[in-house]
Student: 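Provided herewith is a single structure, encoded as structure tokens, for subsequent inquiry.
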Amino acid sequence: MTLSDRDATGLLTRPESFVQLVDETGTRRHDAEFDPWVADVDAAALGRLYRDMVIVRRLDAEGVALQRQGELGLWPPLAGQEAAQIGSVRALRDDDFAFTSYRELAVAWARGVAAEGLVTTWRGTASSGWDPAAHRVAVPQIIIGAQALHATGYAMGLRWDHSDAAAIAYFGDGATSEGDVNEAFVFASSFEAPVVFFCQNNQWAISEPVGLQSKQELARRADGFAMPGIRVDGNDVLAVLAVTRMALERARRGDGPSLIEAVTYRMGPHTTADDPSRYRDDAELAAWRERDPIARLLALLEGLGVDVAGLERETAEAADRAAAELRAACLGLVDPPALSVFDHVYAEPNSHVARQREHYERYLALFGDEASDQNGAGR
Amino acid sequence: MTLSDRDATGLLTRPESFVQLVDETGTRRHDAEFDPWVADVDAAALGRLYRDMVIVRRLDAEGVALQRQGELGLWPPLAGQEAAQIGSVRALRDDDFAFTSYRELAVAWARGVAAEGLVTTWRGTASSGWDPAAHRVAVPQIIIGAQALHATGYAMGLRWDHSDAAAIAYFGDGATSEGDVNEAFVFASSFEAPVVFFCQNNQWAISEPVGLQSKQELARRADGFAMPGIRVDGNDVLAVLAVTRMALERARRGDGPSLIEAVTYRMGPHTTADDPSRYRDDAELAAWRERDPIARLLALLEGLGVDVAGLERETAEAADRAAAELRAACLGLVDPPALSVFDHVYAEPNSHVARQREHYERYLALFGDEASDQNGAGR
Amino acid sequence: MTTLTLGKALNRGLRNALAADDRVVLMGEDIGTLGGVFRITDGLQAEFGRERVVDSPLSEAGLIGTAVGLAYRGFRPVVEIQFDGFIYPGFDQIVAQVAKLHYRSRGAVKVPITIRVPFGGGIGAAEHHSESPEAYFAHTAGLRVVVCSNPADAHVMIQQAIASDDPVLFFEPKRRYHVKGEVDEAASLADAKPMGIATVVAPGDDVTLVTYGALVQTAKDAAVAAAEDGVSLEVIDLRSLAPVDYPTLEASLRRTGRLVIAHEAGQQGGVGAEIAASLTERCFDYLEHAPVRVTGHDIPYPPAKLEQHHLPDLDRILDGVDRVLGRANSLSGVEA
Amino acid sequence: MTTLTLGKALNRGLRNALAADDRVVLMGEDIGTLGGVFRITDGLQAEFGRERVVDSPLSEAGLIGTAVGLAYRGFRPVVEIQFDGFIYPGFDQIVAQVAKLHYRSRGAVKVPITIRVPFGGGIGAAEHHSESPEAYFAHTAGLRVVVCSNPADAHVMIQQAIASDDPVLFFEPKRRYHVKGEVDEAASLADAKPMGIATVVAPGDDVTLVTYGALVQTAKDAAVAAAEDGVSLEVIDLRSLAPVDYPTLEASLRRTGRLVIAHEAGQQGGVGAEIAASLTERCFDYLEHAPVRVTGHDIPYPPAKLEQHHLPDLDRILDGVDRVLGRANSLSGVEA
Ligand SMILES: Cc1ncc(C[n+]2csc(CCOP(=O)(O)OP(=O)(O)O)c2C)c(N)n1
Ligand SMILES: Cc1ncc(C[n+]2csc(CCOP(=O)(O)OP(=O)(O)O)c2C)c(N)n1
Ligand SMILES: [Mg+2]
Ligand SMILES: [Mg+2]
């Protein structure tokens, strides 16, 4: 694999081609176009973004630990992508709706999903952790790219409802190769759907470098679908906030979809089942550590005269509390009753499921008491 | 439907944004970039292109007539798209391979497919009319866009074989909305496959105007996939020849895929089963008649001092002969034997098919002699 | 009562559904201005507007995937797949999303999507235009699969499918779009027979003949022909393929002891296999003969000139009846 | 003889196929540098290069569609689908193209494509990672469908599938990738048992127990358990689901008169339905009891903590045996 394959988007060589408001050293870079979008973001607000990122990083680490300890079946770490996720989710209004993949822990958390809901799927007690309507976050998607169409359909509905809310679809660099994502671009563009396509280009799709998916910057994919495509430093939370706000505003105005490519990096393995040492080297990881989204924001805050030592301490405590809560929620999850396996296959009564359920109930009864509290939560 | 929906690609308002070497009046427009690609095309060669187009138009009309007379089940007319198809197919080398949709009569004809092969599918005697290997034209594709991936795979194979042949994929404007076509762009770009994507934007996908599929010129779709995208006057056979040669040459050089958008018009119905008066008006058709690809070439030839009256007469005779041949071949097609329904389901012997075949043979035997010559051509 | 074609009955049913609930939206290729290639949605865009009857870009995954998003937003999308053979690009969205979302979300997200599929052969069409893909969906937990066979059912069942909170694959026997029948347009939906219940369309005592879609008429013709021959066929129109109305089938089979199942789809793993297996399980002691299946062959749909050698027709169904009765038939003398 | 895991046996089989025919190419997501998420292709890219073992962009339709184009060019592509639940985006290319091209081209275009699918549950995975989609393909004319269950078969069958001029869906029981067995790596392919033939893996007289994939081991365990109970099970590993080796099954069933079929996939329209129906047709007079199916429920694959309540296991298979023997069982006292 040559360098150009690995880095076809040219990130390392052309940092200037993306929106950046805070550089790697934590220095604020002024930008006439994007500064206005974050004019309200003062030191206190930056502090809150910092806090968000630290907490989700800590939650993520706890998820990894829980998996390593056998308490979770799997965990897909977000480490490295905190700014991309927090910057974008914090740009949303409460009535906007997010459609995510499996990696957007920060999105679910920021939308108020309880600790328990963040782990159920990975503990295997349920295939979803929350009510989508309550948090305006869809059930996370494992089929790569499928949610881009769901977000688009939802946004078409918003438009037909004359709502000024928007939808946002999160997906990865790998997902841009799936037909579904490209079809989502087509539908969104045709129907001027108020949807923001938020692509976290974390450089890898499991073992495949982004250069295998595209020899072109992913943001440029938008042009051919008559959408604006914006490339942003995904490790700069302020820049991500700015571009996402801009794209959302465009959606609310009725001007249709946008594509954001947040250039970031997955610092950990694809999931806890993955071994990245098989396909990428330490030097790459080290280079990206230099661009750490959290360290950079802390440096900015320090430059603004904030008491960063105090902030760090206080935030670390909050993060530890959140992690402890996550652990407690995880360990407190009870296995679902056997017969709940038949719950919710259909919304309406179904003779076939009812019969299989009844049969299985009789079968369990053969084993006596074991089966006693095996009833599910209803149909 | 507003005008901008119907004509989102802006053709009527921005003719200058595409490659044109012969304008609507038959005047040669010089173009420093593209002229060299057709420097060898003298009056005699132009005459041959004219002849090709007249013959395929005549064949097409005969197909429509045969359908109207109940001899064919269906016919998808190409009228209006002769320059797009002839210009591109005549750019191919013999060892290039074409993957078409259902509408590319001219491609099959130009690659030497016999009259019979052009009608079998529409008469319903077989699902294909020729041996793809013999003509280097794949079995025409009905599933919209699927062939774009086949062409790409074939081209990947060409590259792995170190061949300097190329593949060409024909599809319509509507097809650009299918996932398959976009995925073909991804694969072709990633593997630098020697494939030319030839999109005939004939303004309509059945009743749907191109503006419903895309608010952007289709050629621009290429940019996001790191391919050149060229928009050409699809009714200018010389321009089509030039851009296709250029794209093929690029493919042969190992520089990878290109996308050509040939802006043209389907003058007839989608198929003989369609009634375009339900969705488009006469004025539009009339405007496009002004851009007729054949009339324009004849005017150019006249300008070059060619004896066009003689050419017309001679060509018309050739076309009539071809049409008569088509008709004779069509009427001469015999219905396949009943048991051939089981032929070629598998390449290797298959116990299940053998059993069903045997059973059906016995069943037919119940009816006596009728079933006598019902044997298929072998497994 | 009005006399309507099956196609027109669907049109009126869709119109009622659009009028009854403003969350109902129709989506598909060419369904708006053109009214669909079969004109099933004729006039509906003009009446309900471009945001209720939506011409979509040419993409089946796109159609189904955006319908899922619309369901999240509380809509009841009705998607038209132009022809049976074009449903496969949408297969992933149907099987991995539409079918599973209610389960996956523990009931939080309802998926009241109706997917209309003109299906089946016998119209002399080109490839991919005559398929019978229903078994794929009947094998997919989370989907309901129904098939209408006549104008009256079409009119009611399409409204029931749209009103259902479950996703429904709604198969329409395209070669019978033009066949007329009586439809009671004024009848209330509330009183209508549920779409999950089968109909005994011709009573009989000797053989239970089960089918659905276009073959229901052929089966009725077979009953007439068999009667002349002294054999009494009970013809059952399944209507629902998932779930199957076994009580109705069992009641018949326990009387007749002989079962013939007919469908256009191939035999291997077709809907007939499930019904034969299930009814054998449920009625083994009543069976006088193994259930007989009369189906399309296990071949890709053949070119038009051969389709009469693929599709079950009157004679092939009667041969099946002969087989299940142990009378002289195409397999006589062959080891079963 | 070498002792290999099932996964490693596949790896060696693939290696042989690559070495034997330079038109064989492996394609898939993460199969190159990483060697596949299950490491089945481990080391093969290093050995055969990036044009023989190809990491593809993330698109299943793309993978299968380009494989069709490669088949046109005379290649023999072997496509890895990363997990069962990810095959559906490629469904259209499989069903409408791969399955039909040989027929459509009247034999002019061979489609020797092998599609490898790690399948089945029991590994505690997240959604879409434990599916059993084999019935969809067994219902699709033009495809062959095979399933390996042990290292020796895996080694031979993958080579046979690749050598076949027909498209083959090759299912690999992922939860048995790590199970070891003896493999004769030196054995010639020419002498090997054809992949279309089933194997009697445990002889017996009372009940014929048919299954495939991961459940073959469970069925063998059931035979041992039943034997302790005085019941003799004949266990048959189907190996091929399309076509099914009926002669082997019939020979067994005519002796035992009792059939149990087990699979992880749901019951409705599963492979078991076809086998039950076909064997009832072929062996009706020999049957002492209706064939019994022991299958996954007709539900979307449940979350990991519930999968033991979905998958057939030893006890559920033994309950099925009790049912077919008319002994006390889970349905005793219930109207069948
Ligand atoms: C349709 C489908 N194919 C394959 C997979 C297996 N898979 C899971 S994650 C992944 C890589 C995704 O990469 P990307 O889109 O960049 O997202 P990231 O994991 O980097 O966040 C793959 C191939 C899947 N989940 N769905
Ligand atoms: C997957 C699929 N969906 C739908 C159709 C039905 N259909 C046949 S032609 C057509 C329009 C195609 O338009 P375009 O791609 O512009 O090609 P044109 O017919 O104009 O040449 C449609 C929708 C199909 N053949 N395949
Ligand atoms: Mg990624
Ligand atoms: Mg078109």
Side-chain angles (χ1 to χ4, degrees), chain C residues 60-61 85-96 99-100 102-104 127-128 131 133 135-136 138-142 241-244 261 265-278 280-285 287 289-293 296-302 335-336, chain D residues 60-61 85-96 99-100 102-104 127-128 131 133 135-136 138-142 241-244 261 265-278 280-285 287 289-293 296-302 335-336:
Chain C
E60 290 73 19
F86 309 147
I87 198 167
Y88 308 119
F91 199 76
D92 175 58
Q93 285 284 347
I94 296 175
V95 166
K100 296 188 169 76
H102 188 261
Y103 190 76
R104 168 188 299 153
E127 246 198 324
H128 309 292
E131 311 236 319
Y136 295 123
H139 180 54
T140 305
L241 308 184
V244 169
I261 310 159
Q267 183 198 74
Q268 277 192 96
V271 165
E274 179 60 41
I275 292 176
S278 286
T280 301
E281 284 162 17
R282 291 167 184 246
C283 306
F284 187 67
D285 293 338
L287 292 183
H289 190 282
V292 164
R293 292 178 284 166
H297 308 304
D298 289 305
I299 59 175
Y301 202 89
E335 215 194 340
Chain D
E60 290 73 19
F86 310 147
I87 198 167
Y88 308 121
F91 199 77
D92 175 59
Q93 285 284 347
I94 297 176
V95 165
K100 297 187 168 75
H102 188 261
Y103 190 77
R104 169 187 299 153
E127 249 198 321
H128 309 291
E131 312 235 320
Y136 295 124
H139 180 55
T140 305
L241 308 184
V244 169
I261 310 158
Q267 182 198 72
Q268 278 192 93
V271 165
E274 179 60 40
I275 292 176
S278 286
T280 301
E281 285 162 16
R282 291 166 183 245
C283 304
F284 186 68
D285 293 337
L287 291 184
H289 190 281
V292 164
R293 293 178 282 166
H297 308 304
D298 289 306
I299 59 174
Y301 202 88
E335 215 194 341

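Worth saying up front: this structure is predicted, and the values here are computed from it rather than measured. Lettering of chains follows the sequences in order, A, B, ..., and the numbering in each one begins at 1.
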Student: Quick one: what part of C:E131 sits under 4.5 Å from any heavy atom of chain D, side chain, backbone, both or neither?
Tutor: side chain
Student: Which pair of heavy atoms, one from C:H128 and one from D:A96, lies closest together, and at what distance?
Tutor: CE1-O, 3.7 Å
Student: Which value, rounded to the nearest 0.5 Å, describes the distance between D:Y103 atom OH and C:I299 atom CD1?
Tutor: 4.0 Å
Student: Going from OG1 on C:T280 to CD on D:E281, what distance comes out if it is rounded to the nearest 0.5 angstrom?
Tutor: 9.0 Å
Student: Could you tell me which residues satisfy salt bridge (Lys or Arg N to Asp or Glu O under 4.0 Å) with D:R104, sequence neighbours excluded, listed by chain and number?
Tutor: C:E127
Student: On a heavy-atom basis, which atom in C:A277 and which in D:A273 lie closest, and how many Å separate them?
Tutor: CB-O, 3.9 Å
Student: Measure across C:Q268 and D:A138 and return the closest heavy-atom pair with its distance rounded to 0.1 Å.
Tutor: CB-O, 3.8 Å
Student: What's the separation between atom OH in C:Y136 and atom OH in D:Y88, rounded to the nearest 0.5 Å?
Tutor: 12.5 Å
Student: What closest approach, in Å, do D:A141 and C:P300 show between heavy atoms, and which atom pair accounts for it?
Tutor: CB-N, 3.9 Å
Student: Kindly compute the distance separating CG (D:D92) from CG (C:D92), expressed to the nearest 0.5 Å.
Tutor: 11.5 Å
Student: Please classify the contact between C:A61 and chain D as side chain, backbone, both or neither, with a heavy-atom cut-off of under 4.5 Å.
Tutor: neither
Student: How long is the straight-line distance from CG of D:D298 back to NE2 of C:H139, given to the nearest 0.5 Å?
Tutor: 8.0 Å
Student: Would you name the heavy atoms of C:G269 and D:E274 that are closest together and state the gap between them?
Tutor: N-OE1, 2.6 Å
Student: Where on C:Y301 is there a heavy atom nearer than 4.5 Å to chain D: the side chain, the backbone, both, or neither?
Tutor: backbone
Student: Which atoms of C:P302 are under 4.5 Å from chain D, going by heavy atoms: the side chain, the backbone, both sets, or neither?
Tutor: both
Student: Chain D: which of C:I275, C:V244, C:L287 shares the most heavy-atom pairs with it under 4.5 Å?
Tutor: C:L287
Student: Quick check on C:V271 against chain D: is it the side chain, the backbone, both or neither that has a heavy atom closer than 4.5 Å?
Tutor: neither
